S.K.: 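Got a structure for you, questions after.
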Amino acid sequence: MAVITYLEAIRSAMDEEMARSGDVFVLGEDVGKGGVLNATKGLRDKFGEDRVLDTPLAESAIVGVAIGAAMYGMRPVAEMQFADFIFPATNQIISEAAKIRYRSNNDWNCPIVIRAPYGATGGGALYHSQCPESVFFGTPGLKIVAPSNPYDAKGLLKAAIRDPDPVLFFEHKKCYLGVTGPVPDEDYIVPIGKADVKREGRDITVISYGLTVQYALQAAEQLAKEGYSAHILDLRTLQPLDVPAILEAASRTGKVLIAHEDNKTGGVGAEVAALIAEELLYDLDAPVMRVCGPDVPAVGMNPPMEKFFLPSVDKMLDAMRKLAQY
Amino acid sequence: MAVITYLEAIRSAMDEEMARSGDVFVLGEDVGKGGVLNATKGLRDKFGEDRVLDTPLAESAIVGVAIGAAMYGMRPVAEMQFADFIFPATNQIISEAAKIRYRSNNDWNCPIVIRAPYGATGGGALYHSQCPESVFFGTPGLKIVAPSNPYDAKGLLKAAIRDPDPVLFFEHKKCYLGVTGPVPDEDYIVPIGKADVKREGRDITVISYGLTVQYALQAAEQLAKEGYSAHILDLRTLQPLDVPAILEAASRTGKVLIAHEDNKTGGVGAEVAALIAEELLYDLDAPVMRVCGPDVPAVGMNPPMEKFFLPSVDKMLDAMRKLAQY
Amino acid sequence: MSIGQTTKHRTLGLTDEQVVHMYRNMLTARKFDERCLLLQRAGKIPFHVSGIGQEAAQVGAAFALEHGRDFFLPYYRDYAFVLSVGMTLKDLMLAAFTKAEDPNSGGRQMPGHFSHKRLGIVTGSSPVSTQVPHAVGIALAGKMKRQSFVSFTTYGEGSSNQGDVHEGMNFAGVHKLPVIFMCENNQYAISVPLHKQVAGRIVDRALGYGFPGVRVDGTNVLEVYEAVKEARERALRGDGPTLIEAVMYRIAPHSTSDDDMLYRTKEEVEYHRERDPVSMMKQYLLDSGLWSEAQDEALQAEIKREMNEATQYGDLAPYPKPEDTLTHVYADEREDRDQWL
Amino acid sequence: MSIGQTTKHRTLGLTDEQVVHMYRNMLTARKFDERCLLLQRAGKIPFHVSGIGQEAAQVGAAFALEHGRDFFLPYYRDYAFVLSVGMTLKDLMLAAFTKAEDPNSGGRQMPGHFSHKRLGIVTGSSPVSTQVPHAVGIALAGKMKRQSFVSFTTYGEGSSNQGDVHEGMNFAGVHKLPVIFMCENNQYAISVPLHKQVAGRIVDRALGYGFPGVRVDGTNVLEVYEAVKEARERALRGDGPTLIEAVMYRIAPHSTSDDDMLYRTKEEVEYHRERDPVSMMKQYLLDSGLWSEAQDEALQAEIKREMNEATQYGDLAPYPKPEDTLTHVYADEREDRDQWL
Ligand SMILES: Cc1ncc(C[n+]2csc(CCOP(=O)(O)OP(=O)(O)O)c2C)c(N)n1
Ligand SMILES: Cc1ncc(C[n+]2csc(CCOP(=O)(O)OP(=O)(O)O)c2C)c(N)n1
Ligand SMILES: [Mg+2]
Ligand SMILES: [Mg+2]
């Protein structure tokens, strides 16, 4: 098992899947030189510029062209340069990709992957920091994935590329170089639709995805020193949600904290809370809590607003402690 | 008080606001002839074709041009011919309209109204029936309105046109001619952000918006004959949600049913359930229930699938009875 | 009519049989349209969008393409087109009656939303113009896989203003892809006339993408055939896309929900009805000596028989089951995944 | 240089003072750019996107527009433009340091996201080309209100491929609106060169929207001035939009995060650096006898003084408060509503 970054995990998943099948290709803005965030670095040298295709600056076409290629039988991996720029492609994603199988009564299908680097790294301001997952969450026909570590990132991206349906793949930019971890040398996938317990615990349950899973893990270490043990469930796949795993994790402790960087109202956390309110009411020992971004358009550029906006280990720890002591 | 249809309520709101100020104008596809659903009927004769502007078939431009005009100081009312066709305009709505005030630190603002006829009427199939509210719900900076009757429709549309911020106005197509009600002759508005108790009751609380409010009211009559009384809260505004009213209505009976035609996962109902799970855990006498569209891309054209998919008074009554008997 | 005109099809390489077949398809589509309008008025089917007036362009294009090889991304008025690339009246009637056996969508979509994988007809939706980038993507895939085919897509002149058309054409231009874009300019987008919809000329837009634009009389089947044939040859030679603007007139109202007298006059419609492409095609066959009134009557009778059969079949076929609502949101676990792995 | 060339500005109606002022603005923008690159490298500011090589087009356009009347929707490289329509170095430095007093966004947005209502600079975002329909909407509003102004917007050649550009131009063409679209074609969209980005010629796209397209040398301030001036006159006469393609070269890397040597050569950049528009403008002034090396040194010193002041001001100014995060999501209840009612 090599220890690699989240970014390398993503790159190597594409690399291996492209080597595995000539049907796989990547397309997007600046992917040829390696992408502005280096996710496709080195792929053009290896696979040629046809399979690492620099496209015109037009997201609706990037996704729409990928859809056409996918219907033909290819396995396109389309990169949105930043998740903030996915919105011009919304119509192609929601009206087309998500509905192709259903509307054709299973005659056609649309195996595209759309990679979208999301979340704030600091200094990205309103339009290089957004978490747009809740816009697409709740659109049946799409799968949505958001890994928190290199193992999951690589395994899920491989699964996404092999998946016969459209997958939105959200990569937290702050994980790219900030999170490293062991990854098997041999081929493996992480199945889409399965959440993962990242830490076993007895006192509180944290349910999260992406970067905030890492924060929760760090906060849990601290909390352990204070005598409380946190059970941490990483959703990994946002759609379809792994409902049994959510209910199992929530009932484990009866105290649930849901965390994400996306703003609170209408986020994925709302559905998780709703599932618990529907299914586990009598198992709860405390009201469900959510730690999320505030309900403002996006993060500000200047450091004070940024700090105020973004989740952190400290904010997480405060909430976890509060819940543990409830 | 005249008794008028929901459609007439919407039309007269535009009519009166256009008469009230030369800054108000409507634009969209086929609005000149009255719109394909007749919402703008007669307005061109009254206000001329400049103020009832037939646009090219391009939703992103319709919204984008409206945004420009609004920043100049106009009060554009943009019609999406069907809510299903709002998605090409997503980028203009989410990246632009919602963020103009915030990003300019209050220097610019964007007082547009986007009218979107939504929901299934029967025979509309996948692309003339959708409920896309959850796509935009959770985007701070937008207001979202979805009235259930003519009084609210007229009052809210007038409030939306006078509102200094962007408002998405969802009109349920099945209410257009199917719901009539009294509307004052004099000028009035219904404030955005305020839910409304449509029926007082003691046994169960139904929280809903749009057409399903009407279904709930009808089901409540039946349920009353069975000896149970239903308290019905009409959200009216989806964003910002009227949280105090939700909590008050939920705690009134301790048994909450949330209903909407939009599919369940990630819908507005999830947020309502989450708020209750956060704030009212100990006041609940039954798990929160949701009656929503199934998690499939959209409604099918053929009658059996349509019936299976759509909410109805019967489905509502079943759920309400179940909850009352819990 | 001069001799030159009456044998134009031969100079284009079309046999007499083919040109009669073209007429047959135009007439079949027309009769289908008329039947559906009746069925809709009688309450037997829920809705119909008509292609009346556009049959020539559709059939002309279909005959210039290679069935079983090329990919087709038609729009909702293209009955004559899909009938010419292999769809049957029965298929169309199953869709009109929204029945389970409908190959387009199993009765899920509105009629006019064509799909048939085996025939190379790519599933379409209602939001206009989304199929344009799909056509480009299919052409890109073909080029990557060194397959020799074109993808062909149509859309209305109103729809040509959507961003996706621009983005798709530019992408195709940059990569010189084998795509044919055919705009069926029927002068109206529902109620909005051309001059309020389109600035400039649609055909001129090709120049800005570095490929040829051709404007043809869309009521003349042979003219369209010729243009699409040339476009296909260019595409297969590796010379890239072509934009064809086929100028025509939407003779019927927009759909069964539309009252066109709100925005145009009877006289205007009458003027174009007299230039009906189906009648003009018949006249061409008569003038060429390939056709007689007797043959025409026989053909009409034959189509009527087929139409009746198809209608009855569609009417009697079973609906999907209610629970079918829940199927095909995603792949059946084993199904496609294994296929590709 | 011939006499004709050295007095070109007079034939265009520009005074000697104006043309010196143009040079001053170009130089100021250049110095601002250079300062920001230094500040970024020193870790004093987080990020910078440069406009180096594009100053001529920006200043030429700004001088042809009417400040206090026209509306401006510039894109992120337009420092020289905004400096020429009233923004100050202090304003720009406040943005670069993301400070509360920044008139563009109160330190909320990345620098280069211009906004200043009093100056007619309309707030912009990062997703490219969204401002194009806004410019059209402002022009529409002006036409409806019978006000005499133009709206002017810029964007890169990569961005010209977004659907919004097509939709906006078509809308403006249909309604003959007073908008000027200026594409700053600097040959690259980050790493993607023109030929992989744009099929055909950008200027030719105007034809398809029924209005004129003009291609100018974007490194020549007077040529751009002339084109924009004519476009403005057309617009005010009611003759509709103009598309201007200003051809230039992006001399700096895309941004402080970009390594341009990954996709182009030193030689290529050097070639264009020798055709630097700021130096060429200085040469023009020298050749016209309007300028001397001594004056140039004085100007450089003056700009440096201003730059230092602005830098210091921006550096020392306070940040917004953390809780400001929660303000201005919606209007303050009383505020705008009452204003409009
Ligand atoms: C994105 C989108 N917006 C609106 C509609 C509603 N609509 C259906 S057909 C039509 C007019 C299309 O006109 P045109 O492209 O000229 O084609 P035609 O119907 O004339 O053949 C409109 C506005 C739609 N289907 N999709
Ligand atoms: C919709 C969208 N997609 C992607 C980006 C990321 N991005 C920022 S600048 C840029 C290249 C722009 O190129 P061009 O339009 O030629 O302008 P230039 O930077 O060369 O001046 C890209 C891809 C963006 N800002 N918006
Ligand atoms: Mg048309
Ligand atoms: Mg560029």
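In what follows, every heavy atom counts, from backbone to side chain, and hydrogens, waters and symmetry copies are set aside. In what follows, chains are A, B, ... by sequence order, proteins preceding strands, each numbered from 1. What you see is a predicted model, and the numbers here were worked out from it, not measured in a lab.
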S.K.: So which part of N105(A) gets closer than 4.5 Å to some heavy atom of chain B, the side chain, the backbone, both or neither?
M.R.: neither
S.K.: Any idea which of P240(B), A286(B), P88(B), A89(B) has the most non-hydrogen atom pairs under 4.5 angstrom with chain A?
M.R.: P88(B)
S.K.: Could you check whether atom NZ of K194(B) has more than 12 heavy atoms from other residues, nucleotides or ligands sitting under 6.0 Å from it?
M.R.: no
S.K.: Are T90(A) and I94(B) packed together at the side-chain level, in the sense that at least one heavy-atom pair is separated by less than 4.5 angstrom?
M.R.: no
S.K.: Under a 4.5 Å heavy-atom cut-off, does chain A meet the side chain of Q130(B), its backbone, both or neither?
M.R.: side chain
S.K.: Among A273(B), S95(B), A98(B), single out the residue with the greatest number of heavy-atom pairs under 4.5 Å to chain A.
M.R.: S95(B)
S.K.: Under a 4.5 Å heavy-atom cut-off, does chain A meet the side chain of Y127(B), its backbone, both or neither?
M.R.: side chain
S.K.: Chain A contacts: which residues in residues 132-141 of chain B have a non-hydrogen atom closer than 4.5 Å to it?
M.R.: S134(B), V135(B), F137(B), G138(B), P140(B)
S.K.: List the atom pairs, donor and acceptor, that lie under 3.5 Å between side-chain atoms in residues 288-310 of chain B and the rest of the protein, sequence neighbours left out.
M.R.:
{"residue": "R290(B)", "atom": "NE", "partner": "E278(A)", "partner atom": "OE2", "Å": "2.8"}
{"residue": "R290(B)", "atom": "NH1", "partner": "E271(A)", "partner atom": "OE1", "Å": "3.0"}
{"residue": "R290(B)", "atom": "NH1", "partner": "E271(A)", "partner atom": "OE2", "Å": "3.4"}
{"residue": "R290(B)", "atom": "NH1", "partner": "K264(B)", "partner atom": "O", "Å": "3.4"}
{"residue": "R290(B)", "atom": "NH2", "partner": "E271(A)", "partner atom": "OE2", "Å": "2.9"}
{"residue": "R290(B)", "atom": "NH2", "partner": "E278(A)", "partner atom": "OE1", "Å": "3.3"}
{"residue": "D295(B)", "atom": "OD1", "partner": "N263(B)", "partner atom": "ND2", "Å": "2.7"}
{"residue": "D295(B)", "atom": "OD1", "partner": "K264(B)", "partner atom": "N", "Å": "3.4"}
{"residue": "D295(B)", "atom": "OD1", "partner": "T265(B)", "partner atom": "N", "Å": "3.1"}
{"residue": "D295(B)", "atom": "OD2", "partner": "T265(B)", "partner atom": "OG1", "Å": "2.5"}
{"residue": "N302(B)", "atom": "OD1", "partner": "M305(B)", "partner atom": "N", "Å": "3.1"}
{"residue": "N302(B)", "atom": "ND2", "partner": "G107(C)", "partner atom": "O", "Å": "2.9"}
{"residue": "E306(B)", "atom": "OE2", "partner": "G123(B)", "partner atom": "N", "Å": "2.7"}

S.K.: Indicate yes or no: at least one non-hydrogen side-chain atom of F87(B) is less than 4.5 angstrom from one of I93(A).
M.R.: no
S.K.: Enumerate the ring pair (Phe, Tyr, Trp, His ring centres under 6.0 Å) contacts for residues 251-274 of chain B, please, sequence neighbours excluded, ordered by first and then second residue.
M.R.: Y209(B)-H260(B)
S.K.: List the steps, then state whether side chain to side chain contact (heavy atoms under 4.5 Å, CB included) holds for F85(A) with N91(B).
M.R.: CA-CA 8 Å; F85(A) 306 138; N91(B) 192 38; over 6 Å; no
S.K.: L142(A) versus chain B, heavy atoms under 4.5 Å apart: side chain, backbone, both or neither?
M.R.: neither
S.K.: Taking salt bridge (charged side-chain N to carboxylate O under 4.0 Å, His left out) as the definition, give me every residue that meets it alongside D318(A), ordered by chain and number, with sequence neighbours left out.
M.R.: R321(A)
S.K.: Between I258(B) and chain A, with a heavy-atom cut-off of 4.5 Å, which part of the residue counts as in contact: side chain, backbone, both or neither?
M.R.: neither
